[in-house]
Amino acid sequence: MNYSALSSEVDPSSVFPFELDKFQLDAIASLNAGRSVVVCAPTGSGKTLVGEYGIYRALARGKRVFYTTPLKALSNQKLRDFREQFGFDAVGLLTGDASINRDAPIVVMTTEIFRNMLYGTPIGQVGISLTDVEAVVLDECHYMNDRQRGTVWEESIIYCPREIQLIALSATVANSEQLTDWLNQVHGPTDLIYSDFRPVPLEFHFGNLKGVFPLLNDDKTQINPRLLKRGKKKEKKELEKGKGNRRPEAPSINFILSHLQERDMLPAIYFIFSRRGCDKAVAEVGDMWLVNEQEAQQLRRQIDEFLTRNPEAGRSGHIAPLYRGIAAHHAGILPVWKVLVEELFQQGLIKVVFATETLAAGINMPARTTVISTISKRTDTGHRMLTASEFLQMAGRAGRRGMDKVGHVVTLQTPFEGAEHAAALAIKKPDPLVSHFTPSYGMVLNLLQIHTLDEARELIERSFGQYLANVHLQPRQQYIAQLQAELEQIKTQIATVEESEIASYEKLRQRLKVEQKILNTLQEQADEGRQEELTMMLSFAVSGTLLCLKGKYLTMSLPVTAVLIGKTQGASQTPYLVCLGRDNRWYVATTADVVNLYAELPRIDVPPDLLPPAQMSLKPGQSCRGDEESMAIASQIPEPEESLHMPPEVAEQLRVIAALREQIEAHPLHQTGNVGTIFKRKLRAAELEAEIQELQAQVEQQSQRHWEEFLNLIEILQYFECLDNLLPTQLGQIAAAIRGENELWLGLALASGELDNLDPHCLAAAAAALVTETPRPDSKVRFDLSDQVAEALAKLRGIRRKMFQLQRRYNVALPIWLEFELIALVEQWALGMDWVELCDNTTLDEGDVVRILRRTLDLLSQIPHVPYMSESLRRNALRAIQLIDRFPVNEVVE
């Protein structure tokens, strides 16, 4: 790439005092050429530098940059990093809980806040909030894969004004070209900057009861063969000892940590996919000393300072291990304690962090080693193996740039997974990005506030989900095009034939079919009556009687006229008939083989000594050639007329069919000689039309899925009178101003008036009820909810029931929470209860209690900005915020 496009305003070497990698220079050149970029590179490879360059350049030009992240924790971390790098006053923060220095040239925010900001800005116009914004960095862009948050990323890209450059930073994904192509289509000129270079390469290991071994072969393409051989030998020995069915054991955490310490592979992030598992691990190894004396002193000083400032934040069972360099990090832990763990780990003072996979989601905590304790995880639908991207995300935390020559990734033996499974994941390519784009009530209302229905449809159809659907449907559309071409060709071939001629010919053919069916029926009826008559006549028939044979035992293509020579005793009471045919063949028949008896024809004189050849066995179905003597008799057998003894109705029907055949043969279409081909083509054309129609319906259904969902939400909104002539009503504007997982439900609850006069502490509990997920069955809270709150919430049940019915009818799966059990916690906290007592009265983890309180805060903080709210509700919401926004719930951003 030509680097002459590098901006003269900001030379990269003037802001980065080290040599940049090629992909970083490529990305900077694209930005300076006025293009957006998708930077796809492994974790820890230096993608963030591209975003930082965008910030330096904007500052030099007097412009602004928004830096978006998927998680509040990551936003807080970026705020700290950027303040250090660009100056305290140059950086602001916007999250659901915090608004600090929002007019700063660099504003760090969650992607959701950025999307919300865009909703308030007509598409294509730069609103007040976006004034002077030159670029938006979308950090961790692969979060589009996230089922809950993915839609936010797509909306942000779709609605972002085209004049703002996008800097999308993503881990390596399989379909980065598709992501870039989509950005080109919906936002503007975009370059893909792809790198699989990892500054600190990864070494994969496998830990079992015998130690820690290389997982892959020397080429890093397959499993280490020694692991396989060892496994097979061990298996053989165990089978010999009768232990063949025993599952392999997992190595203990102490054993693995000792190995890592001996081989200088600490600090490590040890991934365990359950909070309880992480806490248990801390308890299990809490007596180990992993730090030296100097590190222990630094730890003691910082931990003691923290506990002096925050005496309630110390987590029992976790303080003593922290002094020894051991910690846990998961969603159940207090956020302030997690921040302490992150800071100590970044300083290299903590040697092992037992973490759930949420730690892999972007928080900057690189380690020398990551241990992945199991490569399967429990989900709502049962156990499943990790995806390649999940595995890579965790593995990518290993190896600190500038500190480690290699990063180590250790996978472990478990009773269910061995080295083969781990090796397969280690060499697997990343998964593709998929879309989780789903329209919401808020999206519908916000779009319809500033767009027509057609414009809204155009925006919906710009989603990455729609793009992928179109890509997926391309082969089917090509197939439809092939079928249509074939149909056109056939139509051209039969265009010379008059449609009326085909119709009249087809009419004759159909009539012939009908008449043939009638004939068959008449013949069957005649045959049934004739068979009874024949059986009786045959019992009296004598030698010389003429018969017609074609039956059950005799294999012949056409009926044969024959003369009865004699009868011989059969297996049952009915005799076998020995006959001589016109074809001079002898036949042994039964009465079932006789289809006619010509009683009105004169009998033939048969010499009494005429007998079939001696070698012929007299069994039904037997047949053999006659000789000259029999030929003299056979030649006397006449060929009776077909209509002889034929019932008159059958004869008449035969005449009708003959007349129809004559008409068909005289038809102009028949005269052409290729009537069969014409009809085959006509049949094929009808088949093609039906197949094309069916395929087009399928394509239509799949390609319009998001739009159908959008229209279904409109139907529900209209039922609740949130839309009038597709414009948001007062109620619609209330719901549009709210951000949540079901904006309509929150809007209806707030607008109902049931919460207007609740005391602030009761309002806090009621707000919590609307945003708290249904808890696990074993979750307990030992507080009673006040009657005031319970009664107000009970009055919302009717609205909720109606919403459930409508959402089910329209196949909408948005949550409609109304939680009664857990929210007594919120009421007690708002009444001033201290943190330790609050947590002692619930089975929930501290982190979960904080999450409930923060979600409540988020809703309460929106109420004063929602239009048409009663003054008492606004006032009580502001007071409720003051009551619950205190340590350790408040977001501490220093």
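- Heavy-atom contacts from other residues, nucleotides or ligands closer than 6.0 Å to CZ of Arg782 number more than 12.
- By the side-chain contact (heavy atoms from CB on, under 4.5 Å) test, Ile319 is found to be paired with Leu307, Tyr323, Trp337, residues two or more places apart in sequence or in another chain being considered.
- Between Tyr270 and Phe354, the ring-plane angle classifies as tilted under the 30° and 60° cut-offs.
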Inset, instruction - Determine, stepwise, if the pair Val137 / Thr48 fulfils side chain to side chain contact (heavy atoms under 4.5 Å, CB included). - result: CA-CA 9 Å; Val137 181; Thr48 311; over 6 Å; no
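- Ion pairing between Arg276 and Asp845 holds under the 4.0 Å rule for side-chain N and carboxylate O.
- You'll find the ring centres of Phe16 and Tyr56 inside the 6.0 Å limit.
- Contact check for Leu831 versus Gln828: side-chain heavy atoms found under the 4.5 Å cut-off.
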Let me check something: any side-chain donor-acceptor pairs from residues 287-297 under 3.5 Å, sequence neighbours excluded? List them with distances.
residue : atom : partner : partner atom : Å
Asn292  : OD1  : Gln294  : N            : 3.2
Asn292  : OD1  : Glu295  : N            : 2.7
Glu295  : OE1  : Asn292  : N            : 3.0
Glu295  : OE2  : Lys351  : NZ           : 2.8

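- Residues forming a side chain to side chain donor-acceptor pair (under 3.5 Å) with Glu819 (at least two apart in sequence, or on another chain): none.
- Trp829 carries Arg886 over the face of its six-membered ring, with the cationic atom under 6.0 Å from the centre and within 45° of the normal.
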Legend entry - From CA spacing to verdict: salt bridge (Lys or Arg N to Asp or Glu O under 4.0 Å), Asp858, Arg851: CA-CA 10 Å; Asp858 184 40; Arg851 194 169 305 105; over 6 Å; no
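- Applying the salt bridge (charged side-chain N to carboxylate O under 4.0 Å, His left out) test to pairs two or more places apart or on separate chains, none has a residue in residues 822-842.
- Scanning for side-chain contact (heavy atoms from CB on, under 4.5 Å) contacts around Asn310 gives Phe306, Ala313, Phe887, with sequence neighbours left out.
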Legend entry - Thr843/Ser779 under side chain to side chain donor-acceptor pair (under 3.5 Å): CA gap, chis, key distance, verdict: CA-CA 6 Å; Thr843 58; Ser779 303; 4.8 Å; no
Distance-only criterion, 3.5 Å: show the donor-acceptor pairs between side-chain atoms of residues 259-267 and protein atoms not counting sequence neighbours.
residue : atom : partner : partner atom : Å
Arg263  : NH1  : Val212  : O            : 2.9
Asp264  : OD1  : Arg368  : NH1          : 3.2

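- For Gln882, the CD atom is densely surrounded, since the number of other residues' heavy atoms within 6.0 Å is greater than 12.
- Distance check: Glu846 CD to Cys839 SG gives 5.0 Å after rounding to the nearest 0.5 Å.
- Using a cutoff of 4.0 Å between basic side-chain nitrogens and carboxylate oxygens, Arg855 and Glu741 are scored as salt-bridged.
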Inset, instruction - Walk me through it: do Arg57 and Glu134 pass the test salt bridge (Lys or Arg N to Asp or Glu O under 4.0 Å)? - result: CA-CA 9 Å; Arg57 191 186 63 167; Glu134 180 175 74; 3.6 Å; yes
